[in-house]
Number of protein chains: 2
Amino acid sequence: MSTTDPRVRTRKAPAERAAEILDAATAIAREQGLGALTLRAVADRAGVASGLIAHYQPSMDDLVARVYSDLVEEEIREVRALAAREASPAARFARVLETLLDGSREDLTVVWVESWAISRRNPALAAAVRRQMSVWQLLLVEIADEGVADGSFATAETSAVAWQIMGMVDGLNAQSLVREADPATAIAQMSRAAETLLGARPGSLALAR
Amino acid sequence: MSTTDPRVRTRKAPAERAAEILDAATAIAREQGLGALTLRAVADRAGVASGLIAHYQPSMDDLVARVYSDLVEEEIREVRALAAREASPAARFARVLETLLDGSREDLTVVWVESWAISRRNPALAAAVRRQMSVWQLLLVEIADEGVADGSFATAETSAVAWQIMGMVDGLNAQSLVREADPATAIAQMSRAAETLLGARPGSLALAR
DNA sequence: CATACTATTGATCGAGCGATCAATACGCGA
DNA sequence: TCGCGTATTGATCGCTCGATCAATAGTATG
């Protein structure tokens with residue numbers, strides 16, 4: 001029987017290795033949340049020694065912030081793309097609410113909720129959270145402004161309304177982590193609430209099925 | 001110069017000591033959140049050896065869950081008392097929303113947000129969170145039912161509406177930890193949204209100032 | 001006053017964390 | 001093909017965590 005030899009080293013281009021490490025970290029965050037992002041966990045997942053992680057990512061705090069940003073950025077891009085396929089501002093807004101609340105993104109909700117707590121002791125993450133919240137809000141403001149422009153919404157405060165709706169959605173998702181609830185009900189109620197805040201015609205944010 | 005003698009032991013009645021430890025733990029949670037609740041931190045705060053904490057609280061997970069429950073229970077009691085002073089169901093509901101969103105309970109919001117994240121690795125806390133969420137929801141349902149009974153609200157779904165409003169409020173509070181916002185705006189918008197969901201007359205949940 | 005009970009102490013264990021670093025060996029350019 | 005640069009390894013440090021436990025000393029009881 002052969003003793004387990006020291007690991008065969010495979011030497012890769014720095015950029016390639018860095019990407020692998022980031023991929024491994026991202027996968028862990030998706031599956032187990034940001035709290036599971038430890039030096040050794042990432043090393044195991046990437047199949048390298050722990051020291052190599054530190055070589056490419058001198059600070060774990062920064063890595064956590066980076067992974068968080070990448071994940072949320074991708075989510076925003078996806079949601080934006082889904083919204084863009086709808087014909088009207090009202091339909092776009094409705095699609096965003098539905099996509100965020102349909103329960104299909106639980107892994108991201110875990111990341112999101114953990115980010116609030118971890119931010120308190122990770123300044124880099126705190127900054128990233130603030131940044132990505134602004135990006136989210138901007139997406140909602142854009143659609144809201146379009147709705148105001150074409151007359152389907154009526155509010156002078158799209159910015160404040162966007163923040164409000166965003167907070168509400170986040171809370172409902174966080175709640176869904178603890179208590180299983182029917183997504184359809186949450187979507188329907190959130191849509192009605194959004195209609196009120198946006199000054200949209202009642203029912204105009206209900207999903208056409 | 002005298003060497004620092006071993007600590008003078010003060011022996012107290014078990015019930016008294018247990019209460020002191022719980023008080024120390026509660027104070028830490030209020031000031032620094034549930035994440036700061038460590039064996040040694042509680043021992044320092046209570047002025048006793050670390051081993052004594054373990055003597056009275058064999059599991060830190062349980063202590064965290066207990067402290068969480070106590071804090072939330074007290075908050076619910078306070079909010080309930082404030083609501084009870086209002087004359088009508090609509091005024092009571094409005095008072096609850098205002099109290100929860102006026103930004104004066106940031107320490108509890110930190111506890112609340114951390115509880116979601118820590119629950120994922122602390123089953124006792126997870127159970128406590130579910131339990132207290134139900135208590136919160138029950139308070140809202142009670143007021144909502146009273147409103148339906150006296151005709152000021154019109155919805156067949158007070159239970160679902162209560163869950164929804166609770167989630168929304170939690171999300172807005174969590175958001176306020178990261179982004180400073182005007183509480184008055186959040187309260188006004190949340191009230192309008194709640195009117196829609198409860199089937200209340202527009203403006204009936206606005207605060208009488 | 002003597003004794004037994006137990007509240008209390010503080011050292012200790014094992015685990016996990018981020019970070020550091022000397023040693024090693026891979027692979028490209030000369 | 002050789003040698004150098006550096007990617008990579010894995011041991012190690014210092015720290016904090018929850019938990020455990022033998023030793024100690026208050027206090028009540030007889």
Side-chain angles (χ1 to χ4, degrees), chain A residues 3-22 24-25 28-29 32-68 114 117-118 120-125, chain B residues 3-22 24-25 28-29 32-68 114 117-118 120-125:
Chain A
T3 62
T4 49
D5 296 312
R7 181 201 307 264
V8 216
R9 294 191 182 184
T10 44
R11 191 190 180 106
K12 302 194 175 180
E16 184 185 358
R17 187 66 89 185
E20 285 182 9
I21 288 173
L22 201 54
I28 292 173
Q32 310 173 56
L34 295 178
L37 272 188
T38 71
L39 199 61
R40 290 164 181 80
V42 175
D44 282 352
R45 179 87 180 210
V48 299
S50 66
L52 196 60
I53 306 300
H55 177 69
Y56 285 98
Q57 298 285 343
S59 155
M60 280 305 291
D61 277 8
D62 290 344
L63 175 58
V64 170
R66 171 69 188 277
V67 166
Y68 166 86
E114 272 188 300
I118 302 177
R120 301 189 62 250
R121 45 191 158 85
N122 179 345
L125 179 59
Chain B
T3 62
T4 50
D5 296 313
R7 181 201 305 265
V8 233
R9 294 190 181 185
T10 46
R11 190 190 180 106
K12 302 195 175 181
E16 184 185 358
R17 187 64 90 184
E20 286 181 8
I21 288 173
L22 202 54
I28 292 173
Q32 310 173 55
L34 294 178
L37 272 189
T38 70
L39 200 61
R40 289 163 182 82
V42 175
D44 282 352
R45 180 89 181 209
V48 299
S50 65
L52 196 59
I53 306 300
H55 177 70
Y56 284 99
Q57 298 286 343
S59 155
M60 281 305 291
D61 277 8
D62 290 344
L63 175 57
V64 170
R66 171 68 189 278
V67 166
Y68 166 86
E114 272 188 299
I118 301 177
R120 301 190 61 251
R121 46 191 160 84
N122 180 343
L125 178 60

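Numbers restart at 1 for each chain; the letters A, B, ... are given by sequence-line order, proteins then strands.
Rounding to the nearest 0.5 angstrom, the gap separating the CD atom in B:Gln32 from the CZ atom in A:Arg121 is 13.0 Å. With rounding to the nearest 0.5 angstrom, the CD1 atom of B:Ile118 is 5.0 Å from the CG atom of B:Leu34.
Residue contacts for B:Leu63: at a heavy-atom cut-off of 4.0 Å it reaches no nucleic acid atom on any strand shown. A:Ile53 comes within 4.0 angstrom of nothing in the nucleic acid, heavy atoms only.
Contact between the side-chain N/O atoms of B:Arg17 and the OP1/OP2 oxygens of C:dT8 is found at a separation under 4.0 Å. Contact check, B:Tyr56 against C:dT8: a side-chain N or O comes under 4.0 Å of OP1 or OP2.
Rounded to whole angstrom, the span from the CZ atom of A:Arg121 across to the C1' atom of C:dG18 amounts to 13 Å. The distance from atom CG of A:Leu37 to atom P of C:dG16 is 17 Å, rounded to the nearest whole Å. Atom C1' of nucleotide C:dC26 and atom CD of A:Glu16 are separated by 14 Å, given to the nearest angstrom. Rounding to whole angstrom units, CG of residue A:Asn122 and P of C:dG18 are separated by 11 Å. Following rounding to the nearest Å, B:Lys12 (NZ) and C:dT9 (C1') show an atom-to-atom distance of 16 Å.
Residue-to-nucleotide proximity on DNA chain C shows that, of B:Ala49 and B:Arg11, the 5′-proximal contact is made by B:Arg11.
Nearest heavy-atom pair, A:Gly33 versus A:Glu114, reported as atom, atom and distance to 0.1 Å: CA-OE1, 3.0 Å. Closest non-hydrogen pair, B:Ile21 versus B:Leu52, comes out as CD1-O, 4.1 Å.
The side-chain hydrogen bond (donor to acceptor under 3.5 Å, both in side chains) test applied to B:Glu20 returns B:Lys12, B:Arg17, not counting sequence neighbours. Every residue two or more places apart in sequence or in another chain was checked for a side-chain hydrogen bond (donor to acceptor under 3.5 Å, both in side chains) with B:Arg120, and none qualifies.
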Give me the distances for all protein-to-nucleotides 19-23 of chain C N/O pairs that come in under 3.5 Å?
from   : atom 1 : to      : atom 2 : distance (Å)
C:dA19 : OP2    : A:Met60 : N      : 3.1

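For residues 49-63 of chain A, no pair satisfies side-chain hydrogen bond (donor to acceptor under 3.5 Å, both in side chains), with sequence neighbours left out.
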Using residues 35-45 of chain B as the side-chain source, report each donor-acceptor pair under 3.5 Å to any protein atom, sequence neighbours left out, with the distance given to one decimal.
from    : atom 1 : to      : atom 2 : distance (Å)
B:Thr38 : OG1    : B:Ala41 : N      : 3.0
B:Arg45 : NH1    : B:Glu31 : OE1    : 3.0
B:Arg45 : NH2    : B:Glu31 : OE2    : 2.9

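Rounded to 10°, the helix from C:dC1-D:dG30 to C:dA30-D:dT1 has 10° between the axis fitted to its first five pairs and the one fitted to its last five.
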